[in-house]
Each structure stands twice: as C-alpha cells, then as structure tokens.
Asks: 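To start, I am sharing the structure in question, which I have written as structure tokens.
Within every chain, numbering begins at 1; the chains are lettered A, B, ... in the order of the sequence lines, protein sequences first and strands thereafter.
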Amino acid sequence: MSTTDMNTKANTTVLEIKNLSTEFVSKRGPFRAVDDVSLELHAGKTLCVVGESGSGKSVMSRSILQIVDPPGRVCGGEVLLHRHRTARGMGEEETIDLLKLNPKSSAIRNLRGRDIAMIFQEPMSSLSPVHRIGDQVGEAIRLHERVSKKEARERTLELLRKVEIPRPEKAIDQFPFEFSGGMRQRAMIAMALACNPTVLIADEPTTALDVTIQAEILDLIRSIQKESDMAVLFITHDMGVVAEIADEIAVMRFGKVVETGDVYEIFENPKHPYTQRLLNSVRELDRPSERRLAMREKRPVGEPCLVSDGVRKVFGASKSWFKKEVSGGLVAVNDAYLELRTGENLGIVGESGSGKTTLGRCLQRVHDVTSGHILYTNASGQELDLAPMSEGELAQPWRDIRTVFQDPFSSLNPRMTIGQIISEPLIVEGKLSGSQIRERVYELLELVGLPASAFMRYPHAFSGGQRQRVSIARAIAPNPRIIIADEATSALDVSLRTQILDLLLDLQERLDLSFILISHDIAVIRYFCDRIAVMYRGRIVETGDTEEVCTTPKHEYTQSLLSAVPVADPRVRGQKQRVRYHEAT
Amino acid sequence: MTAEIDPRASSQSPEDFASQWRLIWFAFRRHRLAMTGVVIVLLFYFVGAFAEILAPYDPNSASSKDIYHPPQMVHFIDYDDDNGWSFGPYVVAMNAERDPFTLQTTYTESPDEKIYLDFFAKGQPYELWGIIPMERHFLTTEDPNQRFFLIGADRLGRDMLSRTIYGTRISMSIGLIGVSMSLLLGLILGGISGYWGGRVDMLIQRVVELVISLPTIPIWLGLSAALPQDWSPITRYFAITIILSLVAWTELARVVRGRFLALRTEDFVTAARLDGCRPRRVIFRHIMPSLVSHIIASVSLAVPVMIIAETSLSFLGLGLTPPTISWGVLLKEAQNVRTMSQAPWLFAPGAAVCIAVLALNFLGDGLRDAADPYAQDNN
Amino acid sequence: MLFAYILRRMVWAVPLLFAVSLIAFALISAPPGDYITSFAATLSQSGDIVDQARLDALRERYGLDQPFIVQYFQWITGVVQGDFGISFEWQQPVGQLIWERMALSVTLALSTLVFTWAVALPIGIYSAVRKYSIGDYIFTTIGFIGLATPNFLFALVLMYVAVAYFGADVSGLFSQQYQDAPWSFAKLVDLAKHIWIPVVILGTSATASLVRVMRANLLDELHRPYVTTARAKGLSEWRLILKYPVRIAINPFVSTIGWAFPQLISGAVITAFVLSLPTAGPLMLQALLAQDMYLAGAFILLLCCLSVVGMLVSDILLAVIDPRIRFR
C-alpha cells in the first residue's frame, strides 16, 4: 500500500493552486492570511497541509472554493481545476480557473459539492441542528443531479451504508444531536461523497475526535479514496496523522508554504528549520523525558500522598421534582482506586467522556463525591479524608493541592491583571503583607519565564502559551505540594507543549512537587509521567509504569487505544495491528 | 516565549494595560449614535435637576387671560425704528380676541408690542430643590408682570414650557428610581437563583415565569387603582414607582441569573474557589465585575420602558395625578381630538418622551454592544 | 416525544392559571373599601340618606362581608362554571358585558400579531443579510422611532393628523350604522376597514423590537460552520440563507410570541382607550375606576389567561420547529 517507487509520472494533476493569496481587511489594515501559496493535487493522492494554529491553512482550503467568510477575500492567484483529467471530463481540454468565477455565480456553485467537496473540523456545528441527517446528506444529490425524491433517498441510504453508519434506515431520519461525534463526522463524509467528487478537501476532520474514532475515520477516508481515485487535500496540525495518510506534505507557516515534498523525504530529511523544529518537538514527545529520568535517579519517589479510595461520582441523581430521572443519573467515575506518591508524576489517560476530568476534580474536591474516600497526607504527615469536608475545611488542603486548567482563555479572569490573578491566593491566605506579596509575584513570574512587565497587564495581551504560564504561576503561588494539571497542554501547539511540560519538570525539581497530569494524549503522558492510569467509561482499567503500559498493555482497551495512536513516522504506516475494543454490554 | 512572533501580527498596544472599563469605553466611543444618546440623556437629567432655574415660571401659576396662549418665537436681534440693531431677545406680544358667537378665543400678534427677555433675570421666587431660596430664572421677562410662552399655555393659562421642564424631573427620575428598585429585586433574586441553583432557582424561575406571563398594563392598572386616593403626591410617586418595578424586575433577574449560571462554571471562578475565596469574595471580586457591565446595559434599556409605562399610566389617570407634574400627567390634557386641534402644542411633552426614550435606547444599545470587550478576544 | 412535551407544558399551565386567578382577585379586592363604600359616597353626595342597614344588606348579598379566601373561592367556582358575578355599576351579569368585547380584543391582538410577523420577518432577514446597507439603516431608524413612541402617543398623533388634515375620525372599530347592529357579513367588512389603524398603531413597536430580535439572531447564525458547509455543497446564497440560518434564527423569534402576545394585549388597553375602541380595555379601565370589582376582575383574569395561553402556544410552537427542545 505504501510503496513509493510506484511510477510517480502516472500522477495526474487535477487541481493546481498557483500563487494564491487571501487577505482579511480590518481597521488595522489588510492582514494576509494566505500569502502566495502554490500547491498541486493529484488524483488518488493525499496532500497534507500541516501547520500550527494561525498558519492560514484553513483559510487557504476555503479560498479554493471561494467560501471564505467576509471580511476575508481572495486577492490573487489562480486555482485551476483540470476537469478533462477527471472522470467528469468530456474528453476535450477543460481547465477552469475557480478564482475567475464570481463566488455567487451558478458556475462555481455547480462545482462546489460536485467536483470539489469539503468536510470540516467540528462535525456538530458543521451540521444544521434542526434538519434531519437524510435531508442534509441528500441535499447535494438533489442539487446537482436531476433525481426524484425517492431516488435521492435511496442514494442517501447507500451513502450512509458506505460510511458505515449503523442502521442507516433509522439514522436517515435522525437529527445530528442524536449522533455521536464520530457518527456525525461519518455523516459529513457521506455528504461530501454524495456526488463522487474528484477532489475532497478535509479541514482538520479528526481534530475534535478521540484517537480511536480518528483512526476509524482515517481508515474510511483512505478506503474511499482508493475506490474512487479521489485527490484529497488534508489539513491538519498533527504530524502523526500526516505520517499516517499523506503522500505529499506542504508545511505552512505565517500564511506561506515553507516546504513541500514527498512524505518520506520530509520526515527523513526536512530542509526548512521550521519543519525540523516541528518534527523534533513531535519526536521528543513520544518518549520519556530524559530530564525526568535523571531527576528520578537523584531523588526517588516517596510514599503515597494522595489516594483515591473507591471514589464514585454520579451526576444528576434524581433530585428534581418534575423530571423523572429515577434511573439514578450518569455514573461519571466508578470505584476509582488511585495513588499519587510524593515526587512522582501520575498520568490519567482516557478519551472524552471517560471520566478523567471528573476524577481529577473529585480528587481536589471541586466536585462533591458520591461515595469513597480521598486520603491526603499533608506535610506534617497527618492523613485527612477530603471527601466529607466542607468548603471551609478544604481551604488548607486547597493550598497544598493546586490546579492548572486546560483552557488558557477561560481560566484567567479577563478583568484582572496578571499581578492580581497570581496574588489572589496569597491575598486570601492573608499571611503576607502587600509589598511581600508583590515581591513574591515578581519571583513567581520569573520562575515561569514571564517578564516582570506582565504584572500590570491583562490576560488579553498574552498568547495561549503565555497564559498557561500565568496559570502555572498562580498554581505554585501558595507553595503547593501537588498540582493537578487537566489537559494543560491540549490547547497549545505542539512546539509549545514540550516547553510547558519542561517548565513543569523544572518546577518539580526546584519546588519538590508531585503532579497528576490528565490528558487524552498518550505522547504527552509518556513524556511527562512516571506512572499511568487508563480510564474507560468511568473505570480505571489499567494502572502501571508508563513505559510498561505503553509497550505491553494488558487491558484490551489500552491495547486498542495505543494501536489507534498515529505514529509520526510514515515508514511504520500500516505495520501496526489495529485492535478494536467494544465493551460487552 | 521563545517562539518567534508572527511577523504579520501587530505587536504590543496600549490596550494590553487597559482595564475592562477602558476597553468598554474604547468600544463605546466608536458607537456614534450611542454617544449622541449620552449627551441627550445627560441634558435631560440636567434639565430635571435644575428645573426650578430653567423654567421661566412656577408650573402651577395660572393666568386666566392666557388660556391656550399659542407659542411665541424668540427674536434675538432687536431692530430699532431707524434701522439700528442691538442684541436683546424679545417676543412679540399677542392679544386675545373672543369671537362673540362661537366663544372661541383667538390670539393675534401685535407687532409693535415687544416683550423683552433676559437671561438670569429676577422672576417668580422659588426654592431650588425645596431648600435654596432663589428668584433668578435662566430666561424670563425683564418685566416680572409680563408673561411669555415659548411653547404655549394650557387650558388654565399655565406655561407649558415650565410644566414640561418640571415634568422632566418627575418622569426621568421615576425611570431611574424604578429601575434601581427592580435592579435590587432582580439582582438579589437572580443572584440567588444563579449562584445556588437547585430548588431555590427552580422556585424563583417559576415566579419569574408567572410574572412574565402577566399582561403588564392590566396589572399596573389594577394595582394603581388599588392605591388610596387620599395619599400625598410624594407617597403616590413612590407607590407608582414600586408598582412599575414590581413587574419590570423579571427581565433583569433573567439577565443576572443567566450570566451567573454561565460564569459559575467558568474556570476562572473555579480557580477563585480553589484560591480559597469564600463565596462572598467569589461573587463580588470575581463574578460581579463581569456582570456589572451587562447589568448597566440592561438597566439603561429598562429605564425607557419605565418612562413609557409611567407616562401611559398617568395618561390614563391611574398613575401620577395633579398636582404632581409628569409628562404623562401633562399629556392627559391632550386626550381628546378637540383640544388637540385647538392647541396642538399640548403635545410638547410627548415629543420630550420620544426624544428621551430614543436617546436612552441609543445609549443602552451602545452599552450592550460594548459590554463585553472580551467577546471577540477568543481566537 | 413531542406529545409528551406538550402534555407536560399544558399540565404546568394549570397551576399558572390558578396563580393568575389568585392575583387577579387579590388585585380587585385590594382597594380599601368596596363598591358599596363608593356607592354610599355617591348617595350622600347627591343628598340621599344613607341607610346603614341597607348597605349591610347589600354587602351580605354580594358576599362582601366574607373573608378574602371565602370570597375568592366563591368567585372562582362561579368563574369555572362560566359565572363571573354581577357588575354593580351596570346591574347586569358580567358575562353579558364582556364576551363581545373580549372577542374583539382577541381579534385585534391576533391581527396585530399577524401584521407584526408579516412585516418583521422579511425586514429582519433583509437587515441582517444586507447589514449596514442603506435599507438596513432606514429600517433601523424607523424601528428606533417606533420603539421610542408610546402607543397612545402614536394613536393621538394619528388622530390629530386625521382630524386636522383629512377631517376624518379614525376612532372606533365600526362605522356609525354598524355600531349597535347585530353581526352580519357587512359588519365584518366594516370591521376589517377600521381595524387596520389600531393594528398599525399597536404593531409598530412590537414590529420594531421583533425586527431587532430577528436581525440580531440571524447575524449570530450567518457565520456558523453549518452555513459554510451548505455553501460548500453548492447551494445558492438566498436558498441557503432561507433554509439554514433563517430556519434556526427563527426559533428565538417564535419564542418572542410568548412575550409579544401579552404585550399586545396590554398595549391594546391604552390604545383602545385613546381610540375609544369597543374592546375590553376601556370598559376595564372604567370598572377599575368605579371599583366595579367583578367586572374588572373578569377582564383582568381573562387578559391574564390569554397571556398564559399565548406563552403556552409559543412554547409548543417552539418545540414543534426545534427538535432539540423536544428531546431535552
């Protein structure tokens, strides 16, 4: 399947992008989101456009069909669709420059969805919530082909079957919100495939999905491509996904393409320093941090300091008067046993809905616990059960156990300066005087690598990575012993992730901290954590030494999870045996 | 930190150091209509505050010879007979003639008779805010025995301008006080509902739902009809204000509750809890600042509703009643078609209502748009 | 699913109606004194001798000497059976006085609602899609003025203009010859000829606010990802706007019926008074001023019930057009 030495001369270029530029006009003047981009798409091949957030890759993909939302505007270049080279061509030379067509003309509308189709990142918001799946999927057919309603419905059913949506007869009349994320994305793909497009543009189609679902969707796209000889333009930020499905790569940065080439070549021998850095940070992540290993040599892990003993959390147990939820609500965490030892990094990994975040919040007693004990051993060796404590009693433990949140935007109050945010726990504690607090904040800013000038600024002046540093400074302000970091790096670009993780390790060394890192990203956990707990549907299915679990997983779910994680190396593509896990119900 | 900075993005700006209020101000300033609204609203409140000085006469001083006296134009340049001119504002006097058959009074200008006006001249004595005795008026006749009517007189020969100016005080203040009361109710109930949630929330929500489903005007009418007739004007004023706010608090409660619920689950509020803040500090230090701007916006949109409500009630004779003067009380005089066609200037308070409400709406709209300067900040 | 939702919603309307009736009765019994007191006052004013025994007899006859809750109970049992009591002032059963006026009130409110929708929906869509165009500015300006003018003032101005410049009288709902005539097709036509003036007066401010609601909703929806999806499918601009964002933006719009309807009903009271329409408003006002408690109570109760029903209808409509609500 992945033989490079196939004759590349046979490649037929179906879509050519030449010197494409797109601008956003604002009061501060024009902003060039896409700057002189040239690409080629070949039939039956996948071109991956990689780049970090803000690189303009998504705008570029929308410029092709001229569906950039205002104030964005394509301002130069050509997008040539060589129609005669596709199955739809009539034989004679037929090349259309899409950018020459009026974006509202029927000429370009006829090509949208028929010759070139798109799928998007957010399968929920990309589907209309109030129209039935069948209506939305079948619409393209009725739009581009003269078919009867009945025939369109038949074809829609067939499409749903093709994208492996179970029970299509029922699904066709359902609404998107009745579907799971993966099913929604399948419906999106069905919609895109409705008229057998020659080119499929996929804009981060798996970013919002869990890895196991991602693997399935990637498989699906690949198999459909093979069947119909489609050219695929795949936009992603994930090098693992690139290695998994790309034939060619274009690396974008600041609106420009910095490097293009064959997937094997670029992974083996990246030329542009940015590509090198990108690949490095990805590869760095997929193995244990040497720093951490060295640290453990010097200072071995101690006794358990935070233990979750049979913690159970049920949401929405029947307590309202009118709603008849006698069933007992949703069990988010079920009998979780977990222990964190001093000086250790414990990872909790799981997919969305696995209960990992809830468990993290229960451990800190942000949520009440339905049953079970949370045993915390404080600095003086006293063991406390946090589970039955009131908010007042928790004040002290909360100074020892701190949090770094996932979303760097919502976790900082936009109406307070950085100084105010970081000093808040110190003010509430009331031990230090005003000037002592200020000094301490400056010290903390320096510790997390922020300039002293940040003190007077507001969060909106900072980027995501910097905000996360502020969040860390706030967490370590009252000299804590344990930090629970919930997806602390997920909202950040890859190159920033290692920086933040290294900062945390650095602080661990200096301040003697223990970490619980909650993440869906195995790579991050492997880099940062000594031990790992795998969660699935509210249960901890496996715990153990990180390397051990990652190399020889015991539980079937862990095996399926690990097998679904894309490896950032195109050479191992297709070698891995995929395991699917379905819990017996 | 170490990452390169996107060369296309503009770097540092003074906005980095701008607090919420500065940012709101930046956004608000761009809203031209809203800025106009602010100026007009301030002007109205200024007029209301200094009604005694600005009004040429006591609003209740009647004059039997000036019944339905039409408006007079102010002339600023006074030409002499020998074509010289001087600055001296005056109005041309008007003489009443009664038609012996229809008994209708008609006013005709007598061009030779000029009534001279003066700024800050002495006129009828009054007490500013009921305490400071004064006798100078912003604009009045040089001769205290003469009268002039910029926007005409009513059926008792009282000066409409003075009455409208005094009405401004009552009508504009009733809006403000009424809204403060409903704000108090809305804030407390909405806050309780939003912060504690659960059954309390449920109960309060049901009450809100009930109040919303009531048609306001019949309820207002019913309540005002229930007020004893013998109450003093000031008691009645407050009673009416309370009645108006009883119905109007729900909208504010809903805004407060909705915001509270949304904010309660924000990470930064959880972070504040974990920082060890007690509920009171969480509410006032962390949640309130995000709420205040939204509340101010809703309040500024509720004030005009109150003003219209008071005007309507008084117009029907169930709100404020004479001797209290409000725009609605004044408009009651213009209730039937006959008086209207005879003295259309009785509509003047209506124009005041429209302008004030319009300006308040512009202001509120601008505030609402500017209330969340961080909305576009994400991404 | 939908049926269960409607049932639930209707069950909830019952306690709401009960509460509303309690409020209505509390309102009419709240004034100090009662009709007999004001009756006595009128008598003594005209020089008649007030016989205390006669007054007491009257009180007893009307049950006015009973405690509040007993009076309420008597009243509400009557109401449920269709007996609203007797109007003191008219010396007639309330039932005879109210129904025609209520029917006209409802007709007026419904016509206004239809008018409001017919005007607000297209303008709202236009203003959102052509944001900041000249048309948008014109509609926004008209809307602002419509919002800022109290209904009664608008009615007064209209009447003034009609009298002063056209010599026409725009008050009332019928021409002279139909005023007391029994219902006939001709009378209906006559009603249609007159009703548009109060409809326009009443509908203007509601239209203005609905345009704003629709415009804001649609502006929110126009840049949602699903619109891009539809565009990428090849739908034409207007077709996709009407099918997707408008369809979704209309949800909150429908829920505004909930408040627009009560607002129309209550706004109609004042407008009807100014235009002397033979609807519920003016008679209710008169009854309130005369402390004719059962008449006033019947009107207040019925107007409140109409509002509750309006809310109910809008909630049900909302569930019909928005599947997400049904499944919640």
Side-chain angles (χ1 to χ4, degrees), chain A residues 58 61-62 64-70 72 103-132 135-144 173-178 187-188 191-192 194-195 197 200-201 203 322-324, chain C residues 1-2 4-5 7-16 128-133 217 219-255 317-328:
Chain A
S58 188
S61 72
R62 279 158 209 232
I64 296 171
L65 284 175
Q66 295 207 56
I67 52 168
V68 187
D69 273 335
K104 288 186 177 164
S105 66
S106 63
I108 196 164
R109 286 205 317 265
N110 284 335
L111 298 175
R112 287 179 193 159
R114 190 177 59 165
D115 290 71
I116 303 176
M118 284 190 81
I119 48 181
F120 300 94
Q121 176 173 0
E122 286 288 341
M124 184 63 196
S125 50
S126 296
L127 289 167
S128 156
V130 298
H131 292 86
R132 291 174 200 278
D135 182 17
Q136 299 188 56
V137 173
E139 189 173 35
I141 305 174
R142 270 173 290 129
L143 206 63
H144 295 294
D173 288 321
Q174 281 181 315
F175 291 99
F177 58 85
E178 297 176 77
M188 278 295 288
M191 193 192 295
C195 299
L200 178 70
I201 302 172
D203 183 2
F322 289 102
K323 280 172 211 143
K324 294 159 233 146
Chain C
M1 245 357 174
L2 182 59
Y5 176 85
L7 209 68
R8 213 164 53 230
R9 199 60 195 74
M10 276 164 82
V11 166
W12 163 234
V14 173
L16 204 60
V129 176
R130 296 259 179 277
K131 192 182 163 195
Y132 301 141
S133 66
N217 288 346
L219 280 178
D220 275 355
E221 297 294 332
L222 277 178
H223 299 290
R224 289 286 159 90
Y226 65 80
V227 179
T228 310
T229 308
R231 202 169 283 143
K233 244 188 259 183
L235 246 72
S236 71
E237 224 28 42
W238 273 108
R239 212 171 129 193
L240 89 87
I241 285 172
L242 290 179
K243 178 164 178 185
Y244 293 103
V246 167
R247 174 72 177 68
I248 292 164
I250 213 156
N251 290 356
F253 193 70
V254 166
S255 69
L317 268 181
L318 203 58
V320 170
I321 66 162
D322 191 344
R324 287 170 296 181
I325 290 173
R326 273 177 264 158
F327 286 87
R328 203 176 283 157

Asks: Counting only heavy atoms closer than 4.5 Å, note whether C:L222 contacts chain A via side chain, backbone, both or neither.
Replies: neither
Asks: Distance check, rounded to the nearest 0.5 Å: A:E139 atom CD versus C:L240 atom CG?
Replies: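 Going from the CD atom of A:E139 to the CG atom of C:L240 covers 8.5 Å.
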Asks: When you measure from the side chain of A:H131 to the backbone N and O of C:K243, does any donor-acceptor pair fall under 3.5 Å?
Replies: yes
Asks: Which answer fits A:Q136, side chain, backbone, both or neither, if we ask what part of it has an atom under 4.5 Å from a heavy atom of chain C?
Replies: both
Asks: Closest approach of A:S128 and C:Y226, non-hydrogen atoms and distance?
Replies: N-CB, 3.7 Å
Asks: Given a strict heavy-atom distance threshold of 4.5 Å, which part of A:L143 is in contact with chain C: side chain, backbone, both, or neither?
Replies: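 For A:L143, side-chain heavy atoms alone lie under 4.5 Å from chain C.
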Asks: Name the region of A:M124, side chain, backbone, both or neither, that has any atom closer than 4.5 Å to a heavy atom of chain C.
Replies: neither
Asks: With chain C, which of A:K104, A:R62, A:R112, A:Q66 has the greatest number of heavy-atom pairs at distances under 4.5 Å?
Replies: A:R112
Asks: Considering all heavy atoms of both residues, which atom of C:T229 and which atom of A:S126 are nearest to each other, and what is their separation?
Replies: OG1-O, 2.8 Å
Asks: With a 4.5 angstrom heavy-atom cut-off, is it the side chain or the backbone of A:A140 that approaches chain C, or both, or neither?
Replies: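 For A:A140, backbone and side chain are both near chain C.
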Asks: Counting heavy-atom pairs closer than 4.5 Å to chain C, which one of A:D69, A:I119, A:L65 comes out on top?
Replies: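 Among the listed options, the one with the most contacts to chain C is A:D69.
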Asks: Return the option, out of A:I116, A:D135, A:V68, A:L111, with the maximum number of heavy-atom pairs under 4.5 Å with chain C.
Replies: A:D135
Asks: Enter the distance from A:M118:CE to C:R231:CZ here, rounded to the nearest 0.5 Å.
Replies: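 The CZ atom of C:R231 is 12.0 Å from CE of A:M118, to the nearest 0.5 Å.
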Asks: Counting heavy-atom pairs under 4.5 Å with chain A, which one of C:E237, C:R239, C:K233, C:H223 comes out on top?
Replies: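 Maximum pair count with chain A is reached by C:K233.
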